[in-house]
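This is a predicted model, so every value here is computed, not measured.
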Amino acid sequence: MIDPLLTPVTRQLLHAPAGWLIRRNINADQVTLGGFFVGLLALPALAWEYYTLALLLILLNRLADGLDGAVARQTRLTDAGGYLDIVLDFIFYNAVVLGFLIADVSQNAIAAGVLMLTFTGTGSTFLAFAGVAAKRGIDNVSYPNKSLHYMGGLTEGFETIVAFIAFCVWPQHFATLAYVFAAACWITAITRLWSGYRTLKMMDKH
């Protein structure tokens, strides 16, 4: 929801670290992959209930998710890099939820399942419209220099980070927090579905 407001600030903050990586011949795809594998380590950390460690790994993953774009903007933006980034992001999101499920199956299983289903809703509405938007040449001025068309919503990157932090800080309340976040995500999925369908329906008439 507030990602467009935060993007100029984060880009400015990440400009210098990205330059440091570039001078060491580290490219954007390497940052993406490195961040992904670090993030995946949160799954066993969560499963073994090392929540502080898991939170650190999650934050490092999100830092890398910002840095890869910063590196790409200073070197070369590629569709391949954008594709790799978004696919690995969705895998990472579900891996975090799976970690909480394994940590306490009896308490977390249903809530985790609901949230993973919810991520299917937000992800599919996002990616499906992005594919058609590329075909139709639809731009989103709120998210310039992106490889894919970004549909906004109530829950975006910032809100997801906040939810993951809350899960790790209050793991005993994961189920309740997951249901609340899932409800917000369904608002995002439904509004994206309606907005995307309406936009394309209007274009089909011309």
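In this structure, CG on Leu88 lies 9.5 Å from OH on Tyr83, to the nearest 0.5 angstrom. Note that the CG atom of Leu55 and the CD1 atom of Ile165 stand 6.0 Å from one another [nearest 0.5 Å]. Summarising the geometry, atom CG belonging to Asp65 is positioned 12.5 Å from atom CG belonging to Leu59; distances are rounded to the nearest 0.5 Å. Atoms OG1 and CZ, on Thr32 and Phe37 in that order, are 11.5 Å from each other to the nearest 0.5 Å. Of the inter-residue distances, the one linking Asn108 atom CG with His173 atom NE2 reads 12.0 Å to the nearest 0.5 angstrom. From Thr199, atom OG1 reaches atom CH2 of Trp194 across 10.0 Å, with rounding to the nearest 0.5 Å.
At a threshold of 4.5 Å between non-hydrogen side-chain atoms, the residues Thr155 and Ile187 do not count as touching. Looking only at side-chain heavy atoms (C-beta outward), Ile26 and Val71 stay at 4.5 Å or farther from each other. At a threshold of 4.5 Å between non-hydrogen side-chain atoms, the residues Asp89 and Asp85 count as touching. Annotation: side chain of Tyr179 is in contact with side chain of Ile110 (closest heavy-atom distance under 4.5 Å). Between Ile86 and Phe90, the closest side-chain pair of non-hydrogen atoms falls below 4.5 Å. The side-chain heavy atoms of Cys168 and Tyr50, taken from C-beta on, include no pair separated by under 4.5 Å. With contacts defined as side-chain heavy-atom distances shorter than 4.5 Å, the pair Leu53/Leu41 does not qualify. The shortest side-chain heavy-atom distance between Ile102 and Leu46 does not fall under the 4.5 Å cut-off.
Within a 6.0 Å radius of CZ in Arg76, other residues, nucleotides and ligands contribute 12 heavy atoms or fewer. The 12-atom threshold is not exceeded at CD of Gln12, counting heavy atoms of other residues, nucleotides or ligands nearer than 6.0 Å. The environment of CZ in Phe119 is crowded: more than 12 heavy-atom neighbours from other residues, nucleotides or ligands sit within 6.0 Å.
Heavy-atom minimum distance, Arg192 versus Glu156: NH2-CG, 4.5 Å. Closest approach of Leu57 and Ala45 over heavy atoms only: CD1-CB, 4.3 Å. The heavy-atom pair separating Gln30 from Asn25 by the smallest distance is OE1-O, 3.6 Å. Residues Thr118 and Cys185 approach most closely at CG2-CB, 3.1 Å, considering heavy atoms. Considering every non-hydrogen atom in both Ala182 and Val114, the closest pair reads CB-CG1, 4.1 Å. The shortest heavy-atom contact between Ala175 and Ala111 is CA-CB, 3.6 Å.
Under the 4.5 Å side-chain heavy-atom criterion for grouping Ile, Leu, Val, Met, Phe, Trp and Tyr, Val96 is not connected to Leu63 through any hydrophobic cluster. Linking Ile, Leu, Val, Met, Phe, Trp and Tyr residues whenever their side-chain heavy atoms come within less than 4.5 Å places Val97 and Val87 in a single cluster. Under the 4.5 Å side-chain contact rule for hydrophobic residues, Phe174 and Trp48 do not share a cluster. With hydrophobic clusters built from ILVMFWY side chains whose heavy atoms lie under 4.5 angstrom apart, Leu60 does not share a cluster with Leu14. Leu200 and Ile190 fall into different hydrophobic clusters, defined by Ile, Leu, Val, Met, Phe, Trp and Tyr side-chain heavy atoms under 4.5 Å apart, directly or through other members.
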task = Go through the steps to decide whether Leu98 and Leu43 satisfy the test side chain to side chain contact (heavy atoms under 4.5 Å, CB included), and finish with yes or no.
result = CA-CA 7 Å; Leu98 178 60; Leu43 197 164; 3.9 Å; yes
request  = Begin with the C-alpha distance, continue with both residues' side-chain angles, and end with the deciding distance and a verdict on side chain to side chain contact (heavy atoms under 4.5 Å, CB included) for Gln74 and His15.
outcome  = CA-CA 8 Å; Gln74 292 185 44; His15 184 81; 3.2 Å; yes
Phe36/Ile91 under side chain to side chain contact (heavy atoms under 4.5 Å, CB included): CA gap, chis, key distance, verdict = CA-CA 9 Å; Phe36 173 68; Ile91 295 172; 3.9 Å; yes
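Taking the six-membered ring where the residue is Trp, Tyr93 and Phe164 present perpendicular rings, their angle passing 60° and hence far from 30°. Between Phe167 and Phe181, the two ring planes are perpendicular [angle over 60°; tilted spans 30° to 60°].
Neither side chain, Thr188 nor Thr122, offers a donor N or O lying under 3.5 Å from an acceptor on the other.
Of the possible polar contacts, none joining the Arg62 side chain to the Ile58 backbone as a donor-acceptor pair under 3.5 Å is found.
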